[in-house]
Number of protein chains: 2
Amino acid sequence: MNYTDASIAEIDSAIAAAKAAFPIYRRISDVNRAAFLEAISREIMALGDELIQSACAESNLPEARITGERGRTTGQIQAFADFISNPVWKKEIHDPAQPDRAPLPKPDLFQTQIPLGPVAVFGASNFPLAFSVAGGDTISALAAGCPVVFKAHPAHPKTGELVGSAISKAVASCGLPAGVFALIHGSSNEVGSHLVQHPAIQAVGFTGSYRGGKALYDLAVRRPYPIPVYAEMGSVNPVILLSNKIAENPAALAAGLAGSVCLGVGQFCTNPGLIILQKKDASFLDLLATELDKLPLGTFLTPGIAAAYTSGVANLAKHAKKLTSRELPSPALFVADAATANHAILEEVFGPCTVAILVEDESELLTFIESMDGQLTGTIHGTKAEISEELVDALLQKVGRLLFNGFPTGVEVSGAMVHGGPFPATTDSRSTSVGTQAIYRFMRMVCLQNRL
Amino acid sequence: MNYTDASIAEIDSAIAAAKAAFPIYRRISDVNRAAFLEAISREIMALGDELIQSACAESNLPEARITGERGRTTGQIQAFADFISNPVWKKEIHDPAQPDRAPLPKPDLFQTQIPLGPVAVFGASNFPLAFSVAGGDTISALAAGCPVVFKAHPAHPKTGELVGSAISKAVASCGLPAGVFALIHGSSNEVGSHLVQHPAIQAVGFTGSYRGGKALYDLAVRRPYPIPVYAEMGSVNPVILLSNKIAENPAALAAGLAGSVCLGVGQFCTNPGLIILQKKDASFLDLLATELDKLPLGTFLTPGIAAAYTSGVANLAKHAKKLTSRELPSPALFVADAATANHAILEEVFGPCTVAILVEDESELLTFIESMDGQLTGTIHGTKAEISEELVDALLQKVGRLLFNGFPTGVEVSGAMVHGGPFPATTDSRSTSVGTQAIYRFMRMVCLQNRL
């Protein structure tokens, strides 16, 4: 089957349907919207093995991973269905009237949240189910009461169509207007560009590259009516290794870190691409290199990502010393001194490679952190005694999620999760794209005064 | 005294001090930050009559109004001090670990809010105390833990200096770094432009004109590291009058509406500049015109605002029929048909004038609402029976606050208040600049995973 780019007329038609559906969709009850989400989940499961096989074939990811990712996707849908089933989710605030207050009576004020309107969502290539057509962006927007126009990722068009058809079946079986959801294809920038600039689109969700996300952001803020863009653009996710923690069990730490670097062929937004440790602990890197040398490279999601990895690691090799022993491309570890490091080596290379930065002491560590870009995650491996308040504070200012003695590649779907962070990790540091708080990206507060 | 524009070096120095103060200020306890806010309030009161006289002289507003506004300002400060004294304000979410969960253990996740960093605030001319140096933007940013660099409004520089000195005294008496607050003057655009583009500034608060707010927004989103801009830029605040409600007590409605139009010489962001009613009810406008003809014009805040009002109403007179009888400039009522109205008449004219739009029926009313720009407020005067769900929904999509049978000019400082709304009323519809929820504009969520 051929998945041709949507024409301008087709995009306009999908958006017009979303706009027409919005006044109806925004008024259906939370209970009915939760039932709709659960119907989506059932329809996805009903796709059965065809979905699994399609996603495996289009992503080169193994069946166990895809099956697990389907579970994450339906679990995520259930989490939003449950979330909007408890009325506290609307964060309503009621300040009762005080008619006798002097000098002026106080009116009755009631604050609640309303959906923004039709949302454009762009799926990621690296999670063909959980961050794609029925992923967190789509489901949080639908849960909020916003119709979604989804631009399928060209890396997995068939999987996208399958999941899109599941959502459309759920739309129909729940008696909702068809415009509540639409899927369009577009391998060219024109499709996304037209979508984001359409006056009826009220917000954008995106997971992908910095180049892609920033381009959409730049279009959205230049519209006559600017709209919010929630672009999650990845980061290098620094992991700081402190001396006493390294000494506790260096072999286990090296094995765990190597596993995190290579998870999913290193194609996670939260892949640890930067390690920071003191010079005196540099011998730990030999252990880490040994572990990485044991791990297979794996098959990348797309030939484009594979080519970018090959050129990315070749470029790193020009500016930093390679510690792993295999020929590139392979899982790779590089090392450089903080004082002399070329900042080009801090740019994300998507895949299973990581750069170690050596610092003299905590003072140089803090200076280095201060110089870093915003990150999705930051991790500290340290004993409680050796982690200073200054270090925690400095790293927290740069990240959306701060981990202690763990690895950043697992992103739990939960109320407390923050999958976000300061620019350029995302275009809106005040939000998360994973977990139930993601719903508020597509809502705004309103106040009803003396409502009848 | 002469209030010269800050030089680039002076602005940089204020921002550098704010940046240096931030790591210290963000770590002081909520209790101590609340005490600091209360100290600001005491220092403002200690300015005594000098402050009142200065604000009256610089704003042309009467003493009773300025005294009342000082009460609003200190009341607002107390509201934020109280708000951060209750730990629930940080909206913490804790998902405990499930170490035995299969297939993967669940980590301990803890979500909280952290301050963004140094904030630039631009004061408004129309509230020289409550929306200026120690107004809601400054106080909500300080309450959040963000240092503030404040650009004083050139319409009331002495009042600004007085309040700025009160804040600086509170900074000193609380033992905080001096950089927690700075006031700079700037009548040129260069000062504001440099401030907003400085890499250490992390967010912007603004109340004023569309032109000013949009210019700051455009600069902020084009920075190498874009930052959020909360610009409240005013609106025409439509008031919809339905037939049965008009019939109940037309004289009282006309008097109330005329009073709201003329409150503070019409210089409120929430001034009702647009009235919508059915053609068959057009005779109500004669009553309203009669009421407006009784009210004095008053003295505008600045000669510039007076001149803009004179040219604004002259322009309206070209495109709509004037119903009030006095020579312009005066409080004024214009009328036009929805079907033929030139959209130029829907642009805000800052001052005590309002435009009535006549519609045939509810269908034309809904179409007209759909065509409107975003608004801070929308008001419906109607009996419960005649207000349709469609009307409420349509208007709610356009506003931050929806009032029933009231007047929009009073903006209560309260937890449930929303003083915000879709563009171009503001540059960020997801926020409020009045009320305690305003604090979250200057914070972002972070997640601590397996914190020690």
Side-chain angles (χ1 to χ4, degrees), chain A residues 23 26-27 68 93-95 103-104 106-107 109-111 114 116-117 217-218 221-222 225-226 228 374 384 387 389-390 393-394 396-397 399-406 410 412 414-418 420 422-424 427-432 437 440 443-452, chain B residues 23 26-27 68 93-95 103-104 106-107 109-111 114 116-117 217-218 221-222 225-226 228 374 384 387 389-390 393-394 396-397 399-406 410 412 414-418 420 422-424 427-432 437 440 443-452:
Chain A
R26 74 183 177 222
R27 280 165 65 185
I93 304 173
H94 184 206
D95 294 325
L104 288 171
K106 179 176 178 172
L109 296 168
F110 177 77
Q111 185 180 112
I114 64 170
L116 292 180
Y217 174 83
D218 286 343
V221 298
R222 284 165 172 78
Y225 175 115
K384 186 158 184 172
I387 300 176
E389 208 178 340
E390 287 75 15
D393 268 9
L396 200 52
Q397 288 301 318
V399 306
R401 178 166 53 119
L402 180 56
L403 297 89
F404 295 89
N405 298 317
E412 189 73 28
S414 123
M417 175 50 64
V418 176
F423 187 90
T427 50
D428 192 325
S429 72
R430 298 156 296 169
S431 63
T432 177
Q437 298 291 308
Y440 300 112
M443 310 199 79
R444 64 181 175 89
M445 49 172 72
V446 289
C447 175
L448 302 180
Q449 181 166 328
N450 292 333
R451 69 200 155 124
L452 297 179
Chain B
R26 74 182 178 222
R27 280 165 65 185
I93 304 173
H94 184 206
D95 294 325
L104 287 171
K106 179 176 178 172
L109 296 168
F110 177 76
Q111 185 180 112
I114 64 170
L116 292 180
Y217 174 84
D218 286 342
V221 298
R222 284 165 172 79
Y225 175 115
K384 186 158 186 174
I387 300 177
E389 210 178 338
E390 287 75 15
D393 268 9
L396 201 51
Q397 289 301 318
V399 306
R401 178 166 54 119
L402 180 57
L403 298 89
F404 295 89
N405 299 317
E412 189 73 27
S414 123
M417 175 50 64
V418 176
F423 187 90
T427 50
D428 192 325
S429 73
R430 298 156 295 170
S431 63
T432 176
Q437 297 291 307
Y440 299 112
M443 310 199 80
R444 65 181 175 88
M445 49 173 71
V446 290
C447 175
L448 302 180
Q449 181 166 327
N450 292 333
R451 68 200 156 124
L452 297 179

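Every heavy atom of this structure was used, including side-chain atoms; hydrogens, water molecules and symmetry mates were not. Naming convention: chains lettered A, B, ... in sequence-line order (proteins, then strands); numbering from 1 in each chain.
- If you measure heavy-atom distances from F110(A) to chain B, the contacts under 4.5 Å come from the backbone alone.
- Ranked by heavy-atom pairs under 4.5 Å with chain A, the first of T432(B), I387(B), N405(B), V446(B) is V446(B).
- Comparing P23(B), P228(B), G68(B) by how many heavy-atom pairs each has under 4.5 Å with chain A, the most go to P228(B).
- To the nearest 0.5 Å, the span separating SG on C447(B) from NE2 on H94(B) amounts to 9.5 Å.
- For the options I93(A), V418(A), D428(A), heavy-atom pairs under 4.5 Å to chain B are most numerous at V418(A).
- Of the residues considered (R451(B), E390(B), Q397(B)), Q397(B) shows the highest number of contacts with chain A, using heavy-atom pairs under 4.5 Å.
- Once rounded to the nearest 0.5 Å, the distance linking CD of Q437(A) with CE of M445(B) reads 5.0 Å.
- Both the backbone and the side chain of L448(B) have a heavy atom closer than 4.5 Å to some heavy atom of chain A.
- Put simply, CG on L396(B) and CZ on R444(A) are 6.5 Å apart, with the number rounded to the nearest 0.5 Å.
- In this structure, Q111(B) contributes its side chain and A416(A) its backbone to a donor-acceptor pair below 3.5 Å.
- By the side-chain hydrogen bond (donor to acceptor under 3.5 Å, both in side chains) test, N450(A) is found to be paired with no residue, residues two or more places apart in sequence or in another chain being considered.
- Contact count versus chain B (heavy atoms, under 4.5 Å) is highest, among P422(A), P103(A), S431(A), for P422(A).
- Taking G406(B), G374(B), G415(B) one by one and counting their heavy-atom pairs under 4.5 Å with chain A, the maximum is reached by G415(B).
- For a residue to count as touching a neighbouring chain, one of its non-hydrogen atoms must lie under 4.5 Å from one of that chain's; by this rule L403(A) touches chain B with backbone and side chain alike.
- Legend: residues meeting side chain to side chain contact (heavy atoms under 4.5 Å, CB included) with E412(A), ordered by chain and number and at least two apart, are S414(A), M417(A), R101(B), K106(B), P107(B), L109(B).
- Atom-to-atom distance recorded for Y217(A):OH and F423(A):CZ is 7.5 Å, nearest 0.5 angstrom.
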